[in-house]
Engineer: 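This is the structure, below, for whatever I ask next.
Any value given below was found using the heavy atoms of this structure, including those in side chains, with hydrogens, waters and symmetry copies removed.
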Amino acid sequence: MSFPLLTVTAAVPAVGAILTAAVPAVRRTAAKWLALLVSLATLVLAGIVFARFEPGGERYQLTESYAWIKDFGVRYELGVDGIGVALIALTALLIPFVILAGWHDADPLETSSKRWRPTQGFFALILMVEAMVILSFEATDVFLFYILFEAMLIPMYFLIGGFGDRAHAGSDENAAAQRSYAAVKFLLYNLVGGLIMLAAVIGLYVVAGNFSLTEIAGARADGSLEIATSTERWLFLGFFFAFAVKAPLWPLHTWLPNAMGEATAPVAVLITAVVDKVGTFAMLRFCLGLFPEASKWATPAIVVLALISIVYGALVAVGQRDIKRLVAYASISHFGFIILGIFAMTSQGQSGATLYMVNHGISTAALMLVAGFLISRRGSRLIADYGGVQKVAPVLAGTFLIGGLATLSLPGLAPFVSEFLVLVGTYARYPVAGVIATTGIVLAALYTLVLYQRTMTGPVKEEVRKLPDLRPRELAVVVPLIAVLIFLGVFPKPLTDVVNPAVRHTMSDVQQKDPQPEVEAAK
């Protein structure tokens, strides 16, 4: 039996979460350092997974398979393709920065209700989310994936509802009510999606007789398993609905601005840069892999919804007065690009969508964490409460600008490569959709540059005159993220080499080939 590397990679943060939660209440600093060391150990293991993955090898590698619930054909079955490897690396990379950025977010705080914030619980929940997300990227048993897909909602619910943003306007009671509303809305939306998916999972078992992704996909490819067209389409819709809620895709997106607005900045990063990627990843692995005909059948409608997400999210971001809600609506627009790339059914589009998942995670983390540092200094999320910050905190303003420029996909920064591939891949098959999607780029430039202008330039407001610049711990968070954005912006090959073979397998699943460019015959 080979070493269970995938299990260990997910087990380390899970065990670390338990140990962190068990640290005595008076040893808060020890709990923080333990959580950070565990996240760094997980990063090393994820690096080993990335290094051991062979892009030209089998589709699913480092596989593990053990009997779990024999009576129902459920197995503990793991394996990674290039897309899963890239997203595991993203998750493991971001969590140490999330922990560092939230170093003081759960320190004891006596409010008017005399409640204290349990520091150990905050960091333990972050590690538990990391473990579940990594395992979901590894799971090749549909039922195991479903369990993880739903279970990660529990720690996220407590992170949103129990550790809210301290820069909330109004009374403590009002802030608690807003946090509770955001957490419950997040939970209800995702639970409804999960229940519909459960019905589809059961339906898949009825027609296929097992839950193994590799066995079902293989049986469908060789013709030994045939699913009626109407049944396949209903099953596809059940899976896709749950993934569209998680993604989030318009009109199932409304939980995200509330959740990101009320959560602390590190938890907001955890939501949109890590957890939400499970939805778009699952569209590639399960929707296209299990239901190829239904995926092609639903493509026109999904492309329209993705375009609406792109334009709507960007337009609403332009009019936002709250910094964090602006980033949330910008993310809705970006997820529209990701879903558009997936369902463009071209290799460029799907490669771009996968790279977009990684690059969006890094760029959003950079922008949101710097915004969090800014908000914690001023105590306000409102854009109107800032002005002239670049004159008193130039490093903070500079890193905020780079994060913003990455968000608008400036050439030379990582998101540009992925957005360009999505647009090229979309235009090759759906020219009109490709043209409409480009409006998202223009609007992204508008909301990003207006945000920077209103907060960082102009006369220095009295309330920001004494704002300190970034501290060493904060620089340790931001500088590596910016370095990765620049590196992948000028040299994306390490990721594309891993992702492209997996994309070719996905294109084969749906029996699609890239459109050939039309060339006029020479006269």
Side-chain angles (χ1 to χ4, degrees), residues 93-94 96-98 100-104 167 264-266 268-269 272-273 317-318 320 322-328 330-331 334 359-417 419 441 444-491:
L93 174 68
L94 291 182
F97 299 120
V98 167
L100 267 178
W103 200 254
H104 298 298
T264 64
V269 170
T272 191
V318 171
Q320 287 301 303
D322 183 309
I323 297 174
K324 292 169 71 176
R325 289 178 70 89
L326 185 152
V327 178
S331 291
H334 295 149
N359 296 333
H360 169 263
I362 300 169
S363 62
T364 298
L367 180 61
M368 178 60 84
L369 293 179
V370 176
F373 297 148
L374 176 66
I375 292 168
S376 66
R377 286 160 163 75
R378 172 67 176 83
S380 173
R381 306 197 311 246
L382 298 179
I383 296 173
D385 289 340
Y386 295 89
V389 174
Q390 66 179 11
K391 296 178 182 178
V392 298
V395 177
L396 188 153
T399 53
F400 188 84
L401 178 61
I402 295 174
L405 293 176
T407 299
L408 63 82
S409 300
L410 183 77
L413 297 175
F416 169 77
V417 179
E419 195 163 286
I441 301 175
L446 180 60
Y447 63 68
T448 299
L449 297 178
V450 168
L451 172 64
Y452 183 83
Q453 179 189 37
R454 292 178 178 176
T455 55
M456 302 295 164
T457 66
V460 180
K461 290 200 171 184
E462 187 62 34
E463 295 82 0
V464 303
R465 287 189 180 278
K466 296 183 180 180
L467 291 187
D469 214 335
L470 292 183
R471 302 179 178 93
R473 173 180 60 85
E474 296 165 335
L475 286 171
V477 171
V478 178
V479 171
L481 291 175
I482 291 175
V484 174
L485 285 174
I486 296 172
F487 175 78
L488 293 179
V490 298
F491 189 63

Engineer: Any non-hydrogen side-chain atom of T407 less than 4.5 Å from a side-chain atom of H334?
Structural biologist: yes
Engineer: Looking only at atom types and distance, does a side-chain atom of R377 sit under 3.5 Å from a main-chain N or O of K466, one as donor and one as acceptor?
Structural biologist: no
Engineer: Is the shortest heavy-atom distance from the side chain of V389 to the side chain of F400 under 4.5 Å?
Structural biologist: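 No. Closest side-chain heavy atoms not under 4.5 Å.
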Engineer: For P415 versus A406, what's the shortest heavy-atom pair and its separation?
Structural biologist: CG-O, 3.2 Å
Engineer: Taking all heavy atoms of D469 and all of V395, pick out the closest pair and write down the distance.
Structural biologist: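 Where D469 meets V395 most closely, the heavy atoms are OD2-N, 3.1 Å.
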Engineer: What residues form a salt bridge (charged side-chain N to carboxylate O under 4.0 Å, His left out) with R454, not counting sequence neighbours?
Structural biologist: none
Engineer: With heavy-atom distances below 4.5 Å as the criterion, would you say the side chains of L467 and K461 are in contact?
Structural biologist: no
Engineer: Find the distance between CG (L382) and CD1 (I323) and round it off to the nearest 0.5 Å.
Structural biologist: 8.0 Å
Engineer: Main chain of L100, side chain of R473: is a donor-acceptor contact present, judged purely on distance under 3.5 Å?
Structural biologist: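 Confirmed, R473 side chain pairs with L100 backbone.
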Engineer: About how many Å separate NZ of K324 and CD1 of I375, when rounded to the nearest 0.5 Å?
Structural biologist: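 That separation rounds to 5.5 Å.
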Engineer: Which residues pass the side chain to side chain contact (heavy atoms under 4.5 Å, CB included) test with L401, not counting sequence neighbours?
Structural biologist: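 Expected list: L405, Y452.
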Engineer: Do T399 and I482 have side-chain heavy atoms sitting under 4.5 Å apart?
Structural biologist: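 Result yes, sub-4.5 Å side-chain heavy-atom pair found.
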Engineer: So how far is it from I441 CD1 to L446 CG, rounded to the nearest 0.5 Å?
Structural biologist: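 Going from CD1 on I441 over to CG on L446, the span is 14.0 Å.
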Engineer: Of all residues at least two apart in sequence or in a different chain, which pass the side chain to side chain contact (heavy atoms under 4.5 Å, CB included) check with A101?
Structural biologist: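 A101 satisfies side chain to side chain contact (heavy atoms under 4.5 Å, CB included) with P266, L369, F373, V477 only.
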Engineer: Is any side-chain heavy atom of I486 closer than 4.5 Å to one of L413?
Structural biologist: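 L413 vs I486: side chains touch.
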Engineer: Looking only at heavy atoms, what is the nearest atom pair of S331 and H360, with distance?
Structural biologist: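 In terms of heavy atoms, the two residues are closest at OG-NE2, 3.3 Å.
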Engineer: So, do L481 and L94 sit near enough that their side-chain heavy atoms are less than 4.5 Å apart?
Structural biologist: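 Sidechains of L94 and L481: in contact.
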Engineer: Are S363 and L485 close enough that some pair of their side-chain heavy atoms sits under 4.5 Å apart?
Structural biologist: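 S363 vs L485: side chains touch.
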Engineer: Which atom pair, heavy atoms only, marks the closest approach of G458 to K391?
Structural biologist: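 Scanning both residues completely, I find the closest heavy atoms to be O-NZ, 3.5 Å.
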Engineer: Has R465 got a side-chain atom pairing as donor or acceptor with V392's backbone, closer than 3.5 angstrom?
Structural biologist: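 Looks like no, no N/O pair under 3.5 Å.
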Engineer: For the OG1 atom of T448 and the CG atom of L326, what is their distance to the nearest 0.5 Å?
Structural biologist: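 Taking OG1 in T448 and CG in L326, the distance rounds to 7.5 Å.
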Engineer: Determine whether M456 and L396 make a side-chain contact, defined as any pair of heavy atoms from C-beta on separated by less than 4.5 Å.
Structural biologist: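 In short, these two side chains touch, coming nearer than 4.5 Å.
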Engineer: Determine the minimum heavy-atom distance between I383 and Q320, stating which atoms define it.
Structural biologist: CD1-O, 3.5 Å
Engineer: Can you see which heavy atom on Y447 is nearest to which on A330, and at what distance?
Structural biologist: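 Taking Y447 first and A330 second, the nearest heavy atoms are OH-CB, 3.4 Å.
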